Amino acid sequence: MTKSASAPAANGLVADRPPLSFWRAARSLCRCAVTTVALLARRALVQPATHVDDVLRFADGSGGRVYRETLVKDLAVAEPALLVVAFRLRWVRGRGHALFRAESLLNTPLFVGFPGFVSKLWLANDENGVYRGFYQWDGSASADSYVRALWWVLALVSVRDSIHYVVLPGLRRDDVLADPNLLDRAPGQRDEWWRLTAIEQPASAVNPS
């Protein structure tokens, strides 16, 4: 996502729009942190293990393992939107990725308090060192505003040209996980980085002992 990124497509898909202004993003992030405190106080945040260790495969040939899920309990979704975010860290190699995955839990206040957040699957780095977030959001405009604010945080630790996102209105994350072919209807190239093609479950889930 860059300053010269494209505008929303006429069909509703939104991708790689410019980041919000710094001060607008900062205000949004501060409000998010306050809301997160309230969610924690209500014990509204949970970390289901349903998808942990699943490997999500994408049309560009890469795949990322789910290492965490964050979910706000008991939210009704009126305007579903699937959000996929990708970035590649600067300077992180080898064991540094394991340290980042452990530390990334501390980043939770940066997103769960944004309006419309429902859930996030955290994907580990793929074969190209790219991390992804695979989100359920309520409201495509809210999802777009969130990731354009998050850009400033990601830019601190990521290769800036590696930061990308796409918002797909009308899609429920769990429906796409159950049937990735739903994304065949989405516009764009067939080999795009966000286009989920398959899910590989761990052997213990496929063949329980």
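Computed from a predicted model, the values in this text were never measured in an experiment. The first residue of the sequence shown is numbered 1, and numbering continues consecutively from there.
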Those residues at least two apart in sequence (or on a different chain) that pass side chain to side chain contact (heavy atoms under 4.5 Å, CB included) with R42 are L39, A44
Any residue meeting salt bridge (charged side-chain N to carboxylate O under 4.0 Å, His left out) with R173, in chain and number order, not counting sequence neighbours: E69
Dump the intermediate steps for side chain to side chain contact (heavy atoms under 4.5 Å, CB included) on L154 and V85, then the final yes or no. CA-CA 11 Å; L154 291 176; V85 180; 4.2 Å; yes
Using a 4.5 Å cut-off on heavy atoms from C-beta on, say whether the side chain of V130 contacts that of W193. no
Set of ring-ring contact (aromatic ring centres under 6.0 Å, His included) partners for F58, sequence neighbours left out: none
V37: side chain to side chain contact (heavy atoms under 4.5 Å, CB included) partners, not counting sequence neighbours: none
Return a table of donor-acceptor pairs under 3.5 angstrom between the side chains of residues 22-34 and protein atoms on other chains or two or more places apart.
{"unit_1": "S28", "atom_1": "OG", "unit_2": "R24", "atom_2": "O", "d": "3.1"}
{"unit_1": "S28", "atom_1": "OG", "unit_2": "R31", "atom_2": "NH2", "d": "3.4"}

If you take all heavy atoms of W152 and P19, which pair is closest and at what distance? NE1-CB, 4.0 Å
Those residues at least two apart in sequence (or on a different chain) that pass salt bridge (charged side-chain N to carboxylate O under 4.0 Å, His left out) with D53 are R65
Tell me every residue that passes salt bridge (charged side-chain N to carboxylate O under 4.0 Å, His left out) with E79, counting only those two or more places apart in sequence or in another chain. none
My understanding is that only residues two or more places apart in sequence, or in another chain, count here; which of them pass ring-ring contact (aromatic ring centres under 6.0 Å, His included) with Y135? W137, Y146
Which residues pass the side-chain hydrogen bond (donor to acceptor under 3.5 Å, both in side chains) test with Q47, not counting sequence neighbours? none
Report the residues that fulfil side-chain hydrogen bond (donor to acceptor under 3.5 Å, both in side chains) with T70, sequence neighbours left out, ordered by chain and then residue number. W122
Non-neighbouring partners of D60 that pass salt bridge (charged side-chain N to carboxylate O under 4.0 Å, His left out), sequence neighbours left out: R132
Side chain to side chain contact (heavy atoms under 4.5 Å, CB included) involving P80 - partner list, sequence neighbours excluded: V77, Q136, R172
Under the side chain to side chain contact (heavy atoms under 4.5 Å, CB included) criterion, do L177 and L196 qualify, and how do the steps go? CA-CA 8 Å; L177 292 174; L196 183 70; 4.1 Å; yes
Tell me, do F134 and L82 make a side-chain contact under 4.5 Å, heavy atoms counted? yes
